[in-house]
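Read the numbers this way: they start at 1 and go in the same order the structure lists the ligands and their atoms. No hydrogens, no waters, no symmetry mates; every other heavy atom, side chains included, goes into these values. Please read all numbers here as calculations on a predicted model, not as lab measurements.
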Amino acid sequence: MKPTVVILAAGLGTRMKSGLAKALHPLAGKPLVRHVLDTVASLDPEKIVVVVGHQAEAVSAAAAGPGIQTAIQSEQLGTGHAVLQARTAIEAASGPVLILCADTPLIMPDTLRSLLSIHEKKRAAITLLTASVQDPFGYGRIVRTGAMVMRVVEEKDATAAQKKIREVNAGVYCVDGKFLLSALASVGNKNAQGEYYLPDAVAAARKLRHTTAALIAPDPLEVLGVNTRYDLSLAEGVLRQRTNRRWMLAGVTMPEPDRVFIGTDVVLGTDTTLYPGVRIEGATSVGQGCDIYPGTRITDSVIGSTVTIKDHCVIEQSTVADGASVGPFAHLRPGSDIGIRARIGNFVEIKKSIIGEGSKVNHLSYIGDATVGKGVNIGAGVITCNYDGFEKHRTEIGDDVFVGSDAQLVAPVRIGAGALIAAGATITRDVPPDALGVSRAPQEIREGFAARRRKMKQKIDGKPK
Ligand code: UD1
Ligand code: CA
């Protein structure tokens, strides 16, 4: 039977010491709350309800998706109280109710499937996910009598002996909805934190002699709860390892995988090498046989095959075609389209421009709002002056144009195919195909000037003051 899922995300997350609600903190490129949401999506649930409170609007927006509803917990009175805000959905549930916290991002779908099947097999009122961990500090401890889970004791309420229990509550529960609603009605808040604890439903079940069950997570790392920024960094590390391992097994080389970030929506080709300090984010795809050197960040871009991205580049919402080379220290701003085998060199910024096949912009240039044809050479220091202080204008450069070093192309302007622009020119009018565009003061020669100047200087310096 399809589960009804309730996700608790109303807390501020005091231990994060942040102005931002915990559920919104970014983890592996997406808000924390999205991780559990994406995990439960694969269970094909009947309904998903996210309980929001702190920064409710922003958390709801981050959690939004098809079949996802929100319920408001206006006062954070504890996890037991939070679940009750989803009462309508729980009453309507035809199958089991699966409850998770927004702050446990590492749980795997298969573990949830096992939890659901144990719950069903044991006909339990409540089934918990637990884990046996090295350091149980901060988690609720699982108190058993024989195999039966009797109750959960929170860190702050635990006796010295209970604190030694290493089996902890993951905060993931499979419950019978009707049982839960009646049990929570009897749960009080007389505890160290003055909160209504959801795990107290376990003791309530035992009081009624209902069956309780537990699944011990196969990998204790899965249950990691993010309470502090240190926990967040641990979760980031685990997700990075999972993702990077998957890509290495799929044929991507990473000499130092601990220092490479690959977003969940990224697609990579075989025989591509990612060097340390590379971040590939958003909806980015990288083809086969590419080399991406240290310190480069690529966001929402399409990189073809056999592309070389040298060290320290930033590439945003752009495309780079097969065989092209970018960097070092290049910035492709949104809307850059780099053609096949084109070369973008050091300290070059490109914005909203097409660079044609085999064209080169090798040194210290700004190319913005331009269309550059095939086989064009743009010399060092060339600038497209695309902004007149009010509006942006386009520069159009035909095939096989040669633009000499330090030229300024004042847009709107067109350079016809095969034209030559002299070094240092300031081009303000269109240049026809195959013509020379030049704008220079005539050069003067003054014979002996430099020698005379040196002599003068020596005379001044030699004089006693
Ligand atoms: C909780 C469990 C603990 C378990 C641990 C696992 C309780 C009382 N304790 O402790 O047994 O080992 O998770 O990670 O449940 N929330 C609300 N409304 C509230 C309070 C909390 O929505 O009024 C949400 C939070 O946003 C969070 C989740 O519930 O996503 C868990 O709350 P948190 O305060 O982190 O509980 P823990 O102390 O970690
Ligand atoms: Ca927690």
Specify the protein heavy atom at minimum distance from [atom]: its residue, its atom name, and the distance to 0.1 Å.
atom: atom 6 (C) of ligand 1; answer: Asn169 O, 3.4 Å
atom: atom 39 (O) of ligand 1; answer: Asn227 OD1, 3.5 Å
atom: atom 13 (O) of ligand 1; answer: Gly171 CA, 4.5 Å
atom: atom 31 (C) of ligand 1; answer: Cys101 SG, 3.7 Å
atom: atom 35 (O) of ligand 1; answer: Asp103 OD2, 3.0 Å
atom: atom 22 (O) of ligand 1; answer: Ala10 N, 2.9 Å
atom: atom 23 (O) of ligand 1; answer: Gly78 N, 2.8 Å

| field | Nearest heavy-atom neighbours spanning Lys2 and Asp44 | value |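 Looking at all heavy atoms of both residues, the shortest contact is CE-OD2, 3.2 Å.
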
Less than 3.5 Å apart, any donor N or O on the side chain of [X] or [Y] sitting next to an acceptor on the other?
X: His312; Y: Thr296; answer: no
X: Glu46; Y: Ser94; answer: yes
X: Glu281; Y: Thr299; answer: yes
X: Asp157; Y: Tyr197; answer: yes

By side-chain contact (heavy atoms from CB on, under 4.5 Å), which residues pair with [X], not counting sequence neighbours?
X: Ser318; value: Ser301, Ile315, Leu332, Ser336
X: Tyr139; value: Val168, Leu224
X: Glu222; value: Ile107, Met108, Thr111, Pro218, Asp219, Arg242

| task | Answer whether the closest heavy-atom distance between the side chains of His25 and Leu232 falls below 4.5 Å. | result |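 Of all side-chain heavy-atom pairs linking Leu232 with His25, at least one is under 4.5 Å.
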
Any idea which atoms of ligand 1 are less than 4.0 Å away from a heavy-atom of [X]?
X: Lys22; result: 35 (O)
X: Gly140; result: 3 (C), 4 (C), 11 (O), 12 (O)
X: Ala102; result: 30 (O)
X: Glu154; result: 2 (C), 3 (C), 7 (C), 8 (C), 9 (N), 10 (O), 11 (O)
X: Ala170; result: 6 (C), 14 (O)

| field | Non-hydrogen atom of Glu75 closer than 4.0 Å to ligand 1 | value |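 Heavy atoms of Glu75 never come under 4.0 Å of ligand 1.
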
Before accepting this row, confirm whether a basic side-chain N of the pair [X]/[Y] lies closer than 4.0 Å to the acidic partner's carboxylate O.
X: Lys30; Y: Asp38; value: yes
X: Glu155; Y: Arg141; value: yes
X: Lys22; Y: Asp103; value: yes

| If only protein N, O or S atoms under 3.0 Å count, total around the Ca ion (ligand 2) |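 Protein N, O or S neighbours of the Ca ion (ligand 2) under 3.0 Å, waters not counted, come to 2.
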
| CA sep, side-chain torsions, deciding dist, call: Glu167, Thr130, side chain to side chain donor-acceptor pair (under 3.5 Å) | CA-CA 6 Å; Glu167 188 184 4; Thr130 73; 2.6 Å; yes

Checking the N or O distance criterion of under 3.5 Å, is ligand 1 in contact with [X]?
X: Tyr139; answer: no
X: Thr79; answer: yes
X: Ala82; answer: no
X: Tyr197; answer: no
X: Gly11; answer: yes

| Is atom 1 (C) of ligand 1 less than 4.0 angstrom from at least one protein heavy atom? |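 Protein heavy atom within 4.0 Å of atom 1 (C) of ligand 1: absent.
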
Within reach of ligand 1, part of [X] (heavy-atom separation under 4.0 Å):
X: Ala23; answer: neither
X: Val223; answer: neither
X: Glu195; answer: neither
X: Arg15; answer: side chain

| request: Apply side chain to side chain donor-acceptor pair (under 3.5 Å) to Glu195 and His81, showing your working. | output: CA-CA 8 Å; Glu195 288 184 0; His81 177 261; over 6 Å; no

| task | Using the side chain to side chain donor-acceptor pair (under 3.5 Å) rule, take Glu316 and His331 through it: C-alpha gap first, then chi angles, then the decisive distance, then the call. | result | CA-CA 8 Å; Glu316 308 160 292; His331 187 184; 2.9 Å; yes

| said: Using 30° and 60° as the class boundaries, would you call the ring planes of Phe347 and Phe329 parallel, tilted or perpendicular? | reply: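 Aromatic pair Phe347/Phe329 classed parallel.
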
| task | List the steps, then state whether side chain to side chain contact (heavy atoms under 4.5 Å, CB included) holds for Ile142 with Asn169. | result | CA-CA 6 Å; Ile142 304 297; Asn169 172 25; 3.9 Å; yes

| field | Nearest neighbour of atom 17 (C) of ligand 1 from the list Gln73, His54, Gln76, Met16, on a heavy-atom basis | value |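 Checking each option, the heavy atom nearest atom 17 (C) of ligand 1 is found in Gln73.
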
| Can you tell which of Leu8, Leu32, Val168 gets a heavy atom nearest to atom 30 (O) of ligand 1? |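 Among Leu8, Leu32, Val168, the closest heavy atom to atom 30 (O) of ligand 1 comes from Leu8.
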
| task | Starting from the C-alpha separation in whole Å, work towards a yes-or-no answer on side chain to side chain contact (heavy atoms under 4.5 Å, CB included) for Ser186 and Lys207. | result | CA-CA 11 Å; Ser186 72; Lys207 220 177 193 173; over 6 Å; no

